[in-house]
Amino acid sequence: MTGIEIFCGIVAVLLLLYYYSISTHNFWKKRGVAGPEPTPFFGNVTRVMFSQLSMGQLLREMYKKYKSNPVLGLFARKEPILIINDPELIKTILIKDFAKFSNRGITVNEKAEPLSQHLFALEPERWRPLRARLSPVFTSGRLKEMFFMIIDCSKSLEEHLEAVAVKGDPVDCRDLTSRFTTDVIGTCAFGINMNCSSDMESEFRKVGKQFLATSLMRVIRARIREIAPGFYTLFARVLPRPFGTDFFMDSVLNMIEYRKKNNIVRNDFINTLMDIREHPEKLGDIDLTDGLLTAQALIFFVAGFHSASATISNALLEMALNQDIQDKLREEIKEHHKLNNGEWHFENIKAMPILDAVFKETLRKYPALPFLSRKSVDDYTFEDLKFSIPKNTGVFIPVYGIQHDPDIYPNPEVFDITRFMGDAESKRHPMHYLPFGDGPRNCIGARFAIFQTKIGIIKTIRNYKVDTCENTVFPCKFNPRAFLLVPTHPITLKITKIKS
């Protein structure tokens, strides 16, 4: 074979790849849907693919540019993605026509990553029965039982705050609050003391941190998993499982076996998993593997460990920057502390409007999940817009963009708790605030997260003053590799004990 023939062959292959990469790029034009021009091979996600921008940040940019359009058409490489901007259409996707969009569209690879089969990512066939079996863990009755466990864990947080205040050095609030939330999840979900308020970091906490890590290798694995799941399965066979997989699976399964052997019954998450394992027939035709079972424990642990600690630390940052709000919140906390003779109860946490507004405004400004993803499970027609999408089309809702829209939230970068006080909320469309999603596939542990977070804020602000210091970074710089909205730096603050 001559050099010219080899050259021509290479050119032919490159041309085939090029035309394959753009073969779907007229998808939205044919349907009359507006959107930016895609580029070959990458579509509209070039900066995301090269970790220059997270998907949440990209969607915020796109929302800002195209928010006057009810929908927007993008391409993730060659796959069409529909972005929903209009709140009524969002309501249709999440609630009214949920059955048509019940899939999140997240790639699950149970062979290479058995713990990827968690409730957040599962396809509808396995998600529905598992959600039904796990929902009773988060009823009001169960939450009241767990409330006192959270209060008990907060005592360790107070001890740690005291030590930090005495030492006088600035502290990484993300680290401090994640110790508290790990204790809470360990106690309420697994019935074990994680001992995360000591200087020694537990293995569970290491697993929780690694699950959300954004190292280059994890990013590469994620990209391969998305683009070529079949190849990824083969590729993963020659690589070790993601860090902590075997440890977490063994730990949860050992807990189950220990309780079964010793007839231990606790009204917690592990007990629910035990019941599911004892009665797999209640899940229908689902193959209940160890990976599927333990994956549910992992997502509850990681969500409780990360989301609550991130929200507490973000709230503390804003309290440090807005001392007037911090003072008002402290007054409310002390008032309720006095009214209840120093005791905290499930009901009186719900009766604190300033605390509630601080919590909601924190999640408005820093939504842990910057966008919601869905995938059509059947062909679907948007009647009012007069276009259709085929089965398996991706649909994204730009939560981060919506919650920073100045037409909805004036001066969105300003931390303003009046947005959630009085009748302000009732004047906004409910789909303009979605930190926990909405509809049947909303966050299953939202109410647990709310109480866990509020107690963490109460215990910090009541007796301690938080201030910025020379190491405080603001505004936050968010990690372009992360799926969630997480900063690339510590949230460093000064904590001082308030004299009684």
Side-chain angles (χ1 to χ4, degrees), residues 8-90 92-94 97 100-107 123 222-232 370-402:
C8 290
I10 292 172
V11 170
V13 170
L14 291 175
L15 284 172
L16 284 172
L17 288 173
Y18 170 81
Y19 284 110
Y20 174 75
S21 76
I22 65 171
S23 61
T24 61
H25 284 182
N26 64 346
F27 184 92
W28 295 122
K29 285 183 179 178
K30 289 195 301 184
R31 289 164 172 78
V33 176
E37 282 293 322
T39 58
F41 301 104
F42 299 106
N44 303 111
V45 298
T46 306
R47 288 179 294 166
V48 175
M49 292 294 292
F50 287 97
S51 299
Q52 298 171 344
L53 204 66
S54 71
M55 181 60 78
Q57 292 168 319
L58 173 66
L59 293 180
R60 182 184 176 182
E61 279 188 8
M62 292 295 103
Y63 175 83
K64 186 176 182 180
K65 185 176 180 179
Y66 292 91
K67 69 178 183 179
S68 60
N69 298 76
V71 295
L72 161 69
L74 297 181
F75 293 89
R77 296 166 296 277
K78 66 188 289 289
E79 298 300 320
I81 304 290
L82 185 66
I83 314 303
I84 310 293
N85 295 332
D86 180 77
E88 284 300 317
L89 287 178
I90 293 173
T92 296
I93 298 294
L94 297 182
D97 286 344
K100 296 285 188 178
F101 298 94
S102 54
N103 195 347
R104 286 195 188 272
I106 298 173
T107 304
E123 75 290 342
R223 298 286 184 262
I224 298 173
R225 184 176 64 240
E226 293 167 7
I227 299 169
F231 173 75
Y232 177 70
F371 68 98
L372 304 177
S373 64
R374 296 291 187 270
K375 180 176 280 190
S376 58
V377 299
D378 207 343
D379 296 347
Y380 186 82
T381 299
F382 292 87
E383 300 289 351
D384 292 343
L385 299 178
K386 296 181 173 54
F387 76 91
S388 299
I389 56 174
K391 179 180 179 181
N392 291 328
T393 301
V395 177
F396 287 176
I397 297 167
V399 174
Y400 189 32
I402 291 169

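The OG atom of Ser68 sits 10.0 Å away from atom OH of Tyr63, with the distance rounded to the nearest 0.5 Å. Put simply, CD1 on Ile402 and CD1 on Ile397 are 7.0 Å apart, with the number rounded to the nearest 0.5 Å.
Looking at every heavy atom in both residues, Ala76 comes nearest to Val45 through CA-CG2, 3.9 Å. Across all their heavy atoms, Tyr400 and Gly56 have their closest contact at CD2-O, 3.8 Å. Here the closest non-hydrogen pair linking Val377 and Ser102 is CG1-OG, 3.9 Å.
Among residues at least two apart or in separate chains, there is no salt bridge (charged side-chain N to carboxylate O under 4.0 Å, His left out) pair with a member in residues 15-25. For residues 74-89, the pairs satisfying side-chain hydrogen bond (donor to acceptor under 3.5 Å, both in side chains) are Glu88-His429, with sequence neighbours left out. Listed by first and then second residue, the side-chain hydrogen bond (donor to acceptor under 3.5 Å, both in side chains) pairs involving residues 21-35 are Lys29-Glu37 (not counting sequence neighbours).
Between Phe42 and Phe75, the distance from one ring center to the other does not fall under 6.0 angstrom.
Residues passing the side-chain hydrogen bond (donor to acceptor under 3.5 Å, both in side chains) test with Tyr66, sequence neighbours excluded: none. Judged as a side-chain contact (heavy atoms from CB on, under 4.5 Å), and not counting sequence neighbours, the contacts of Leu15 are Val11, Tyr19. Scanning for salt bridge (charged side-chain N to carboxylate O under 4.0 Å, His left out) contacts around Asp378 gives Lys100, with sequence neighbours left out. Under the side-chain contact (heavy atoms from CB on, under 4.5 Å) criterion, Leu17 pairs with Val13, Phe41, sequence neighbours left out. A search for side-chain hydrogen bond (donor to acceptor under 3.5 Å, both in side chains) contacts involving Glu61 returns Arg47, not counting sequence neighbours. The side-chain contact (heavy atoms from CB on, under 4.5 Å) test applied to Lys375 returns Asn103, Asn392, not counting sequence neighbours. By the ring pair (Phe, Tyr, Trp, His ring centres under 6.0 Å) test, Phe371 is found to be paired with Phe396, Phe483, residues two or more places apart in sequence or in another chain being considered. With sequence neighbours left out, Arg60 forms a salt bridge (charged side-chain N to carboxylate O under 4.0 Å, His left out) with Glu413.
Side-chain contact between Thr393 and Ser376: present, with at least one pair of heavy atoms (C-beta onward) separated by less than 4.5 Å. The shortest side-chain heavy-atom distance between Leu74 and Ile83 falls under the 4.5 Å cut-off. Contact annotation: the side chain of Ile106 approaches that of Ser373 to within less than 4.5 Å [non-hydrogen atoms, C-beta and beyond]. Considering only heavy atoms from C-beta on, Asp97 comes within 4.5 Å of Tyr380 through its side chain. Proximity of Leu72 to Leu82: side-chain heavy atoms (C-beta onward) are nowhere separated by under 4.5 Å. A heavy-atom distance below 4.5 Å is found between the side chains of Ile93 and Arg374.
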Identify each donor-acceptor pair in which a side-chain atom of residues 381-390 lies under 3.5 Å from a protein atom, sequence neighbours left out, and give them as a table.
residue	atom	partner	partner atom	Å
Thr381	OG1	Ser388	OG	2.7

